[in-house]
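The structure appears below as structure tokens.
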Amino acid sequence: MSGLPDTVPHRLTGRRVEPAGPLDLSGSGRGTAEAVRFLRECQGLGLRVDWRAAGTPSYDPALLHHLPPPTRPSPDHEPARWRAAYGHGVLYHRRGPDFVAVLDRRERGTAVRLTLDHPVLVATFLRLLDPTPVDALDPAGREALGLLTAERLVLAAGGWALALPPRIRRWPVPCTAI
């Protein structure tokens, strides 16, 4: 068991994973949420991903620059800009008892540390670790979604929402070297 979602067909060889086809980043529905979750989980597991993007994003593509960049160009995506902005661990979350801690260093020269400790925010964030239809959220969940989206912690597009920060389970260097 690789720990990767089975909603994106892929081949795993050692620490390298390759999706069977291009990943839909258009923001048009569940396919985008599943593709982004796949990339988020690959990063959390410390896997190298060889992938190509498809679709023109209906959202700010910089939201995803904390995830592994495409390794192959496509008509709608130029990986060079993504590669320049990418850094492993620039956005991640950790969980504690009744709270979620988020570190966001996607904006150069800044480090934002957020602690989600309101029960509705925590519950909504944890629910959004899986692709979730926005319509499935109750009014309090939708309000929490608005707050999380404003902090750029959630991708909400095409009627679906997904939490962006990975839970990093494997760092690229030993913890004693950090």
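- Taking hydrophobic clusters as Ile, Leu, Val, Met, Phe, Trp and Tyr residues chained together by side-chain heavy-atom distances below 4.5 Å, V90 does not share a cluster with L67.
- Counting heavy atoms from C-beta on, the side chains of F38 and L4 come closer than 4.5 Å.
- Summarising the geometry of A54 relative to P22, their closest heavy-atom pair is CB-CB, 3.8 Å, with the distance given to 0.1 Å.
- Looking at heavy atoms from C-beta onward, L129 lies out of side-chain contact with R167 at the 4.5 angstrom threshold.
- Under the 3.5 Å distance criterion, the side-chain polar atoms of S58 are matched with a main-chain donor or acceptor of S26.
- Under a 3.5 Å cut-off, the side chain of R105 and the backbone N or O of G89 do form a donor-acceptor pair.
- When all heavy atoms of P166 and H66 are compared, the closest pair comes out as CD-CD2, 3.9 Å.
- Taking the side chain as every heavy atom from C-beta outward, L103 and P165 never approach each other to under 4.5 Å.
- For the atom pair OG1 of T13 and CD of E18, the computed distance is 8.0 Å after rounding to the nearest 0.5 Å.
- The shortest heavy-atom contact between P19 and V49 is CD-CG1, 4.2 Å.
- In this structure, CZ in R37 is found 10.0 Å from CH2 in W160, a value given to the nearest 0.5 Å.
- Using a 4.5 Å cut-off between side-chain heavy atoms of Ile, Leu, Val, Met, Phe, Trp and Tyr, with links allowed through other members, L12 and L23 fall into the same hydrophobic cluster.
- Contact record, L162 with A33: CD2-O, 3.3 Å, taken as the closest heavy-atom pair.
- The hydrophobic cluster containing L155 also contains L126, counting ILVMFWY residues as joined when their side-chain heavy atoms lie under 4.5 angstrom apart, directly or transitively.
- In the hydrophobic clustering of ILVMFWY residues, with side-chain heavy atoms under 4.5 Å counting as a link, L45 and V17 come out together.
- Shortest non-hydrogen contact noted between L47 and G14 is CD2-O, 4.4 Å.
- Taking every heavy atom of both residues into account, H10 and P5 meet most closely at CE1-O, 3.8 Å.
- Relative orientation of the W51 and W82 rings is perpendicular, given thresholds of 30° and 60° on the angle between their planes.
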Exercise for review: Evaluate the criterion side chain to side chain contact (heavy atoms under 4.5 Å, CB included) for residue pair R106 and L164; output intermediate values, then yes/no.
Suggested key: CA-CA 12 Å; R106 288 177 289 182; L164 293 172; 4.1 Å; yes
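- Counting only heavy atoms from C-beta outward, the side chains of L63 and V36 never approach each other to under 4.5 Å.
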Identify all side-chain donor-acceptor contacts of residues 145-154 below 3.5 Å with residues at least two apart in sequence or on another chain.
{"from": "T149", "atom 1": "OG1", "to": "L145", "atom 2": "O", "distance (Å)": "2.7"}
{"from": "R152", "atom 1": "NH1", "to": "D60", "atom 2": "OD2", "distance (Å)": "3.4"}
{"from": "R152", "atom 1": "NH2", "to": "D60", "atom 2": "OD2", "distance (Å)": "3.3"}

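- Considering only heavy atoms from C-beta on, H88 comes within 4.5 Å of I168 through its side chain.
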Give the table of side-chain donor-acceptor pairs shorter than 3.5 Å for residues 107-119, with sequence neighbours excluded, one pair per line with atom names and distance.
{"from": "R108", "atom 1": "NH2", "to": "A84", "atom 2": "O", "distance (Å)": "2.6"}
{"from": "T110", "atom 1": "OG1", "to": "E107", "atom 2": "O", "distance (Å)": "2.8"}
{"from": "H118", "atom 1": "ND1", "to": "V120", "atom 2": "N", "distance (Å)": "3.2"}

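- Among pairs with a residue in residues 90-99, those fulfilling side chain to side chain donor-acceptor pair (under 3.5 Å) read H93-R95, at least two apart in sequence or across chains.
- No side-chain heavy atom of L39 sits under 4.5 Å from any side-chain heavy atom of L64.
- Counting heavy atoms of neighbouring residues, nucleotides and ligands inside a 6.0 Å radius, atom CZ of R16 exceeds 12 of them.
- A donor-acceptor pair is defined here as one N or O able to donate and one able to accept, closer than 3.5 Å; such a pair exists between the side chain of T32 and the backbone of G27.
- We find the CG-CZ distance between L91 and R40 to be 10.5 Å, quoted to the nearest 0.5 Å.
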